[in-house]
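First comes the structure, then the notes that go with it.
Labels below follow one simple rule: chain letters A, B, ... track the order of the sequence lines, proteins then strands, and each chain is numbered from 1. Small disclaimer: the values here were computed from a predicted structure and weren't measured.
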There are 2 protein chains.
Amino acid sequence: MTIISNKIDEIFLLPTTEKALFLSRFERVEVQKGAVVINAEKIERYVYFIEKGIARAFRETDKGQTTIWFGEAGGVMLSFLSFFKNKPGYESIEVLEDSTLYRISSNHLQELYSLHLPIANWGRKFAEQELLLTEQRFMDLQFKTATERYQDLIKHSPSILQRVQLGHIASYLGITQVSLSRIRAAAK
Amino acid sequence: MTIISNKIDEIFLLPTTEKALFLSRFERVEVQKGAVVINAEKIERYVYFIEKGIARAFRETDKGQTTIWFGEAGGVMLSFLSFFKNKPGYESIEVLEDSTLYRISSNHLQELYSLHLPIANWGRKFAEQELLLTEQRFMDLQFKTATERYQDLIKHSPSILQRVQLGHIASYLGITQVSLSRIRAAAK
DNA sequence: CCTATTTTTTATCATTTGTTAAATAAAATG
DNA sequence: CATTTTATTTAACAAATGATAAAAAATAGG
């Protein structure tokens, strides 16, 4: 559980008591490659932290699936819409390898938020951090070319490139697989 | 200050004491059309709430400015990067009409967050809400055509269309002004 | 009300990306 | 190891958007 514990500290450092309380609400889950942990059709009742493995969020479209997020160890898997608003989310999330996750239920987390100031601030920091990441994604899509986005991915997440098939990467970058092949061919 | 008071309630309902404390930290600011309230070069020390008027966030690019956000009465103007991380933000924000704003300093707000549980949860809710909006923006850019994004804007924010010039709208939609003109011509 | 300036539209051509289909390469299965 | 399936690349054409320039329309200022 070290990786997840570190991830929690990284978001916002909790006093010992609250940290222990927080961790006590987690539950370990082992899932096999291909398991769909979060389902776009449902209101999800858990937030998952990745201890080991790799995950991929995607939306179903008329032309198959589009990947919108990749997560590795230390990443947090959740549907914002489900967790924040109790609505079915946009996306499903599956693991691409056998993975170890720790999960906490929305109910537990909401209760902790409402009773403990440090944990409320942890939740605030978590949302702020995710907001900055989402803003960054938005800016990249708006201001960078597909080629630049691909080069950024090589630079900042080389392990994803190695572990995930290119069709998923293409849709993550907002282009078709054919287009990604062209970009890769041009880069040689 | 009614509009802003309502906006605060809408994000998360505070007990009377905390609400009064929160409001007491605000300061009224009148700004003239064209004033740049938030500057991309600087670390901004205030969060602004719009009581009256209209605002536009933009980034400077090689080819002029690109609009990334519009705000009307009830909207909140801030640089996420400045407010969350104490770094210069991506964007500048200017008002497009003479406007009435209320502002609270980052320092005051951080202090309230660290001392008062309801206000910490208000801040969490605020970040969560902004996160959902940003995620929506991202999804729209990824999954919808420029034409659909334009039609959504007509439907959901007709007042912006009336009050803001089309060049700004085009860059907000992620297309050139020429391209927006084509979309408008095709819709006739 | 007229003129200068700004904004918006239209036209033309170039570039990028999408679509479809086929070929090649890689991976999985018996 | 051979065969089947899946993933990736390549090719040819279509569609959408960008770039540039010029025309038309709208707005602001004297």
Side-chain angles (χ1 to χ4, degrees), chain A residues 32-35 54 56 58-68 70 94-98 138 140-154 158-188, chain B residues 32-35 54 56 58-68 70 94-98 138 140-154 158-188:
Chain A
Q32 287 199 307
K33 175 174 176 173
I54 191 163
R56 148 182 187 263
F58 60 94
R59 279 182 75 162
E60 296 287 349
T61 65
D62 16 320
K63 321 228 162 236
Q65 301 178 339
T66 299
T67 299
I68 54 186
F70 292 112
E94 65 172 5
V95 297
L96 302 176
E97 301 172 355
D98 293 352
F138 173 75
D140 286 352
L141 195 56
Q142 176 96 289
F143 292 101
K144 291 185 178 173
T145 64
T147 305
E148 288 172 321
R149 293 199 297 278
Y150 174 66
Q151 287 164 345
D152 285 354
L153 191 71
I154 295 175
S159 62
I160 286 184
L161 213 63
Q162 285 163 9
R163 293 159 85 186
V164 170
Q165 62 193 53
L166 291 172
H168 292 156
I169 306 240
S171 67
Y172 173 81
L173 295 173
I175 54 179
T176 61
Q177 179 159 1
V178 174
S179 206
L180 178 56
S181 263
R182 277 193 285 237
I183 288 169
R184 286 162 58 88
K188 281 176 193 164
Chain B
Q32 287 198 308
K33 177 175 175 171
I54 192 163
R56 145 182 191 263
F58 61 93
R59 279 184 74 162
E60 296 286 350
T61 65
D62 17 318
K63 320 231 162 232
Q65 301 177 340
T66 299
T67 300
I68 53 184
F70 292 112
E94 66 171 5
V95 297
L96 302 175
E97 301 171 354
D98 293 353
F138 174 75
D140 286 352
L141 195 55
Q142 176 96 290
F143 293 99
K144 291 184 178 175
T145 64
T147 305
E148 288 173 321
R149 294 200 297 277
Y150 174 65
Q151 286 164 345
D152 285 354
L153 191 71
I154 295 175
S159 62
I160 286 184
L161 212 63
Q162 285 163 7
R163 292 158 86 187
V164 170
Q165 61 193 54
L166 290 173
H168 292 157
I169 305 236
S171 68
Y172 173 81
L173 295 172
I175 55 179
T176 60
Q177 178 159 3
V178 173
S179 204
L180 178 57
S181 263
R182 276 193 286 236
I183 288 169
R184 286 161 60 87
K188 278 175 195 164

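The interatomic distance linking A/Gln142 (CD) with D/dT17 (C1') rounds to 14 Å, in whole Å. Spacing between atom CZ of B/Arg184 and atom P of C/dT8 amounts to 8 Å, rounded to whole angstrom units. We find that CD of A/Gln177 is positioned 16 Å from P of D/dA11, with the value rounded to whole Å. One atom, OH of A/Tyr150, and another, C1' of D/dT8, lie 12 Å apart when rounded to the nearest Å. Atom CD1 in A/Ile183 sits roughly 13 Å away from atom P in D/dT10 (whole-Å rounding). For the pair A/Gln65 CD and D/dA7 C1', the computed distance is 15 Å after rounding to whole Å. The separation between B/Leu180 atom CG and D/dT17 atom P is 11 Å, rounded to whole Å. The separation between B/Ile169 atom CD1 and C/dT9 atom P is 11 Å, rounded to whole Å.
For A/Gln165, counting side-chain heavy atoms from C-beta on, the closest listed nucleotide (C/dT8, D/dT17, D/dT8) is D/dT8. Residue B/Ser179 places its side chain closer to D/dT17 than to any other of C/dT9, C/dT17, D/dT17. The side chain of A/Thr176 sits closest to C/dG18 out of D/dA19, C/dT9, C/dG18. Candidate nucleotides C/dT17, D/dT9, C/dT8 were compared by shortest atom distance to the side chain of A/Leu166, and D/dT9 ranks first.
Contact of the A/Ile183 side chain with the A/Ile175 side chain is registered, since non-hydrogen atoms from C-beta on lie closer than 4.5 Å. Side-chain contact between A/Leu161 and A/Tyr150 is present, with heavy atoms from C-beta onward closer than 4.5 Å. A 4.5 Å side-chain heavy-atom check between B/His168 and B/Phe58 finds every atom pair outside the cut-off. Contact of the B/Leu153 side chain with the B/Arg149 side chain is not registered, since no non-hydrogen atoms from C-beta on lie closer than 4.5 Å. Between A/Gln142 and B/Leu141, the closest side-chain pair of non-hydrogen atoms falls below 4.5 Å.
When heavy atoms are screened at a 4.0 angstrom cut-off, A/Ile175 is found touching the sugar-phosphate backbone but no base atom. Base engagement by A/Ser181 is indicated by at least one non-hydrogen atom pair under 4.0 Å involving a base atom.
Neither OP1 nor OP2 of C/dT9 sits under 4.0 Å from any side-chain N or O of B/Arg182.
Applying the salt bridge (charged side-chain N to carboxylate O under 4.0 Å, His left out) rule to A/Lys144 yields the partners A/Asp140, A/Asp152; only residues at least two apart in sequence or on another chain are considered.
Side-chain polar atoms of B/Arg56 and B/Tyr172 form no donor-acceptor pair below 3.5 angstrom.
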In 5'-to-3' order, the base (B), backbone-only (S) or no-contact (-) status of each nucleotide in nucleotides 21-30 of chain C, using a 4.0 angstrom heavy-atom cut-off, is ----------
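For the pair B/Thr147 and A/Val164, both in contact range of DNA chain D, the more 5′-proximal nearest nucleotide belongs to A/Val164.
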